[in-house]
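All values below come from the heavy atoms of this structure, side chains included, with hydrogens, waters and symmetry mates left out.
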Amino acid sequence: MFTKDSAFLNLPAALNPKQAVFFDGMRHSAQIVNLSYSRLCRSLTELSLADSGVSEQSSFTHVFLDAWAFIDAADRFRCLWEMQPNSDTIPNTFSPKVVRSQLQAIRDIRNVSAHIAQKIDQIIALNSSVLGSIKWVTMESENPLKLKTHFIRPGITRGNVKAQFAMPSGDISFNQGSGCISLSAGKYEANLSAAYKTIWSVVEFAEATLASSMQPATSQERIPIDMFGSAELDTSQS
């Protein structure tokens, strides 16, 4: 999501310390959003193409790991975007109010996950899954166009279970073969593909705004980022 020349990776040392931390938090959140969504799409495409080899014994842990990581990072990005200094000066198209509205379903879904123990009665009443359920569309071939729709409803089932396939309308943005991805949990449903598109557009706007407002900085004038340390431990006494 970020190139080495991105303004988010080249914050000037003179930048207000509080604003710098907000930008850094948004950068980390956006990177997790990008990684988790890309891995999720790849996993869903692999499941789609392996259709006949998927059974009740198949593990879907990796799918929901990335889906929930995406939701958590997307909501963190929204929160940082909303509470950053001078957020009241952001143009209306990307204002905190507009972005909050576009990502409200992500917030609702995350609240179910954050308070899962308190939501158990609701989950039982809805006969839904503790992990939620996911649905998506995969493009099996482009010419001729062939699409497949799927859902995963993990966990135990009792009685009749209602599950829905993804039924797309309009254009679909495919990432590594899959798109139109939605996650349902409790009584809420969030379109992860739409949320990804929203965050991507906000990041592009922020990068352009930062780049136009900052003077080109030398390496000495930039805030260092992403340190990695390494040391060999002394095991001679073990």
Legend entry - Side chain proximity check, K135 to S182, heavy atoms < 4.5 angstrom: yes
Inset, instruction - Taking N10 for its side chain and K4 for its backbone only, find out whether a donor-acceptor pair lies under 3.5 Å. - result: yes
Inset, instruction - Establish whether F174 and Y196 are linked, either directly or via other cluster members, by ILVMFWY side-chain heavy-atom contacts under 4.5 Å. - result: no
Legend entry - Residue E142 excluded, over 12 heavy atoms near CD under 6.0 Å: no
Inset, instruction - Nearest 0.5 Å please: distance from the CG atom of L103 over to the SG atom of C79. - result: 11.5 Å
Legend entry - Rounded distance (nearest 0.5 Å) linking atom CD1 of I106 with atom OG1 of T198: 9.0 Å
Legend entry - Whether N86 side chain and T89 backbone form a donor-acceptor pair below 3.5 Å: no
Legend entry - Which atom of N191 lies closest to which atom of S193, heavy atoms considered: OD1-N, 3.0 Å
Inset, instruction - Look at the aromatic rings of F23 and F8 and report parallel, tilted or perpendicular, splitting at 30° and 60°. - result: perpendicular
Legend entry - 4.5 Å side-chain heavy-atom contact, R27 and L11: no
Legend entry - Expected output: side-chain S133 to main-chain R153 donor-acceptor under 3.5 Å: no
Side-chain donor-acceptor distances from residues 163-172 under 3.5 Å, at least two apart:
none

Legend entry - Side-chain touch I152/L47, heavy atoms, less than 4.5 angstrom: yes
Legend entry - V99-F22 co-clustered via ILVMFWY side chain contacts under 4.5 Å: yes
Legend entry - Residue pair K187, L126: steps toward the side-chain contact (heavy atoms from CB on, under 4.5 Å) verdict: CA-CA 8 Å; K187 61 181 181 179; L126 294 170; 4.2 Å; yes
Inset, instruction - Compare all side-chain heavy atoms of F2 with those of N34 and state whether any distance is below 4.5 angstrom. - result: no
Inset, instruction - Kindly give the heavy-atom pair with the smallest separation between V112 and Y188, and that separation in Å. - result: CG2-CD1, 3.7 Å
Legend entry - Atom of K18, atom of N16 and distance for their closest heavy-atom approach: N-OD1, 2.9 Å
Legend entry - I90 with W200, same ILVMFWY side-chain cluster at under 4.5 Å: yes
Inset, instruction - Look only at the side chain of S101 and the backbone of K97, and say whether a donor-acceptor pair between them is shorter than 3.5 Å. - result: no
Legend entry - Atom pair SG/CG of C41 and D66 - distance to nearest 0.5 Å: 9.5 Å
Inset, instruction - Any chance you could measure D24, atom CG, to D226, atom CG, to the nearest 0.5 Å? - result: 7.5 Å
Legend entry - Which atom of S184 lies closest to which atom of E189, heavy atoms considered: OG-OE1, 3.2 Å
Inset, instruction - Could you tell me which residues satisfy side-chain hydrogen bond (donor to acceptor under 3.5 Å, both in side chains) with T209, sequence neighbours excluded, listed by chain and number? - result: none
Inset, instruction - Write out all pairs satisfying side-chain hydrogen bond (donor to acceptor under 3.5 Å, both in side chains) with one or both partners inside residues 67-83, taking only residues at least two apart or from two chains. - result: D72-R76, D72-R110, D75-R78, D75-R107, R78-E82, E82-R100
Legend entry - Crowding at CG, L145 (>12 non-hydrogen neighbours, <6.0 Å): yes
Legend entry - Cluster link M139 to F151, ILVMFWY, side chain under 4.5 Å: no
Inset, instruction - State the CG-CZ distance between L40 and F64, to the nearest 0.5 angstrom. - result: 9.0 Å
Legend entry - Cluster link L131 to I71, ILVMFWY, side chain under 4.5 Å: yes
Legend entry - Any side-chain heavy-atom pair of V202 and M26 under 4.5 Å: no
Inset, instruction - Heavy atoms only: give me the nearest E207-A7 pair and the separation to one decimal. - result: O-CB, 4.0 Å
Legend entry - Exercise: do T45 and Q176 side chains pair donor with acceptor under 3.5 Å: no
Inset, instruction - Kindly give the heavy-atom pair with the smallest separation between A69 and I32, and that separation in Å. - result: O-CG2, 4.2 Å
Legend entry - Spacing of T93 atom OG1 and F205 atom CZ [to the nearest 0.5 Å]: 8.0 Å
Inset, instruction - Would you please say whether a donor-acceptor pair under 3.5 Å links the side chains of D5 and T3? - result: no
Legend entry - Backbone of P154 reached by a side-chain donor or acceptor of S129 within 3.5 Å: yes
